[in-house]
Amino acid sequence: MILIQISDSHIEAPGVLTYGMFDAAASLAKVIDAINACDPQPDVVIHTGDLVHHGEAAQYPPAREILAKLRAPLYAIPGNHDRREGFAAAFADQSWLPKDSPFIQYTVENFPVRLVGLDTVIPGSPDGALCAERLAWLDSQLTAQPERPTIVACHHPPFATGLTGSTRVGFEEGGRELAAILAKHGQVQRVICGHSHRPMLGTFGHRPFWVAPGTCYQFEAGFSAARTLSLTQEPPGYSLHLWLDDPVAGPSLVSHHIPVGDFGEPQVLLRNGKRVG
């Protein structure tokens, strides 16, 4: 099974550059083209939030138009730049969108690895959190299928990242409770996040966490005492999570960071185990 994760596309209204610098729509389109060129194709794609930059209703149709070009099925969860109402209206035609909950969270059951989408949004705040209702929902979903390998997807990393800008810390609330829930559910193979606009790997609640890069812009890896948050011209990218049968460990999940850009044609050294050229 191949799961591709994209995140933080920050789409503006047509013709508007994000922060006056980044053509978010063109960047997302390049990432979609790169994913569509993958061989083999992914089984599923998930967007881990901040589809648009201001949560405005007019920004979602351009984002959906680009995402509709994906060859693989798409799922999504909201980020702090999204507004639940606009997000829900944009994906109202999707069967995975919950119809009877104030939160946009759900499970995807039809792949070898179960996918749990978790809503960590606090309206009006850049930070994330999990209230008692969302924590109880996650615990119940994991308790229901303890034998199935599972990926939990959320927008905000719940752990301290070491960065010095607004993505430096974990949740405002619910972090300790989340760690306790994850610690008791060993089937969770990975928790995948966005928000930090940098590929990162960590552990939390005895489970590995993976943070995807943005498709729009990246944040500088800043660790200074000045606590700056800076944008960089690093290329966009996506994450590829591969569920495979390791000859020693058995079924396991491996995660890759894939930058997207013109880096020249790959130079093939081996094909089918034989040296080329």
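When every heavy atom of A76 is checked against every heavy atom of F91, the shortest pair comes out as CB-CZ, 4.1 Å. In terms of heavy atoms, L135 sits closest to L178 at CD2-N, 3.8 Å. What you find for A92 and L97 is that their closest heavy atoms are CA-CD2, 3.9 Å. Here the shortest heavy-atom pairing between I77 and L118 reads CD1-O, 3.9 Å. Across all non-hydrogen atoms, the minimal contact from V260 to K30 is CG1-O, 3.9 Å. Here the closest heavy-atom approach between residue Y106 and residue W137 is recorded as N-CH2, 3.5 Å.
The hydrophobic clustering, which links ILVMFWY residues whose side-chain heavy atoms are closer than 4.5 Å, places V31 and I258 together. Put simply, F22 and L28 are part of two different groups of oily side chains (I, L, V, M, F, W, Y) that touch within less than 4.5 Å, one to the next. Both L74 and I32 belong to a single network of hydrophobic side chains, linked directly or stepwise wherever heavy atoms of I, L, V, M, F, W or Y lie under 4.5 Å apart. I192 and I104 fall within a single hydrophobic cluster, where Ile, Leu, Val, Met, Phe, Trp and Tyr are joined by side-chain heavy atoms under 4.5 Å apart, directly or via other members. Hydrophobic clustering places V211 together with V152 (ILVMFWY residues linked when any side-chain heavy atoms are closer than 4.5 Å, directly or through intermediates).
Under the side chain to side chain contact (heavy atoms under 4.5 Å, CB included) criterion, S95 pairs with no residue at all, not counting sequence neighbours. Partners of F209 under the ring-ring contact (aromatic ring centres under 6.0 Å, His included) rule, at least two apart in sequence or in another chain, are F159, F204. For Y238, there are no ring-ring contact (aromatic ring centres under 6.0 Å, His included) partners two or more places apart in sequence or in a different chain. In this structure Q41 satisfies the side chain to side chain contact (heavy atoms under 4.5 Å, CB included) test together with N36, C38, R71, sequence neighbours excluded. With sequence neighbours left out, the side chain to side chain contact (heavy atoms under 4.5 Å, CB included) criterion links F223 to L163, A221. The side chain to side chain contact (heavy atoms under 4.5 Å, CB included) test applied to D33 returns no partner, not counting sequence neighbours. Residues passing the side chain to side chain donor-acceptor pair (under 3.5 Å) test with H185 are D139, sequence neighbours excluded.
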Kindly list each side-chain donor-acceptor pair under 3.5 angstrom involving residues 243-251, sequence neighbours excluded, with atom names and distances?
| unit_1 | atom_1 | unit_2 | atom_2 | d |
| --- | --- | --- | --- | --- |
| D246 | OD1 | V248 | N | 2.7 |
| D246 | OD1 | A249 | N | 2.8 |

Side-chain donor-acceptor pairs of residues 213-220 under 3.5 Å, sequence neighbours excluded:
| unit_1 | atom_1 | unit_2 | atom_2 | d |
| --- | --- | --- | --- | --- |
| Q218 | OE1 | G214 | N | 3.0 |
| Q218 | NE2 | G214 | O | 2.7 |
| Q218 | NE2 | P235 | O | 3.3 |
| E220 | OE1 | S230 | OG | 3.4 |

Please list every donor-acceptor pair under 3.5 Å in which a side-chain atom of residues 262-277 meets a protein atom from a residue at least two apart or in another chain.
| unit_1 | atom_1 | unit_2 | atom_2 | d |
| --- | --- | --- | --- | --- |
| D262 | OD1 | G264 | N | 3.3 |
| Q267 | NE2 | E265 | O | 3.0 |

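Rounded to the nearest 0.5 angstrom, L138 CG and C154 SG are separated by 9.0 Å. Between C131 atom SG and E177 atom CD the span is 10.5 Å, to the nearest 0.5 Å. The CD1 atom of I181 sits 7.5 Å away from the CG atom of L142 when rounded to the nearest 0.5 Å. The CG atom of L51 sits 10.5 Å away from the CD atom of Q59 when rounded to the nearest 0.5 Å. In this structure, NE2 on H156 lies 10.0 Å from CG on L130, to the nearest 0.5 angstrom. Here CG of L201 is found 6.5 Å from CH2 of W210. Values are rounded to the nearest 0.5 Å.
Considering V44, L242, V45 as possible partners of I2, the one that fulfils the side-chain contact (heavy atoms from CB on, under 4.5 Å) test is L242. Applying the side-chain contact (heavy atoms from CB on, under 4.5 Å) test between L240 and each of V254, I4, L3 identifies I4 as the sole match.
Using a 4.5 Å cut-off on side-chain heavy atoms (C-beta onward), H54 and E12 make contact.
The closest donor-acceptor contact from the side chain of R207 to the backbone of A183 lies under 3.5 Å. For the pair N80 (side chain) and S125 (backbone), a donor-acceptor distance under 3.5 Å is absent. Of the possible donor and acceptor atoms, one in the side chain of R190 sits under 3.5 Å from a partner among the backbone N and O of L253.
Taking the six-membered ring where the residue is Trp, H195 and H155 present perpendicular rings, their angle passing 60° and hence far from 30°.
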Worksheet entry | Check against side-chain hydrogen bond (donor to acceptor under 3.5 Å, both in side chains), E147 and Q187 | CA-CA 6 Å; E147 303 301 322; Q187 78 270 32; over 6 Å; no
Worksheet entry | Verdict with reasoning, I151 to I46, per side-chain contact (heavy atoms from CB on, under 4.5 Å) | CA-CA 11 Å; I151 293 173; I46 185 165; over 6 Å; no
Discussion item. Applying side-chain contact (heavy atoms from CB on, under 4.5 Å) to V121 and D82, what does each step give before you reach the verdict?
Written reply: CA-CA 9 Å; V121 172; D82 294 305; over 6 Å; no
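For residues 1-11, the pairs satisfying side chain to side chain donor-acceptor pair (under 3.5 Å) are Q5-T48, Q5-H241, S7-T48, D8-H197, S9-H47, H10-D50, H10-H53, H10-H197, with sequence neighbours left out. Judged as a side chain to side chain donor-acceptor pair (under 3.5 Å), the pairs with a partner in residues 107-117 (not counting sequence neighbours) are, in order, T107-E109, E109-R114, E109-Q145, E109-R148, R114-Q141.
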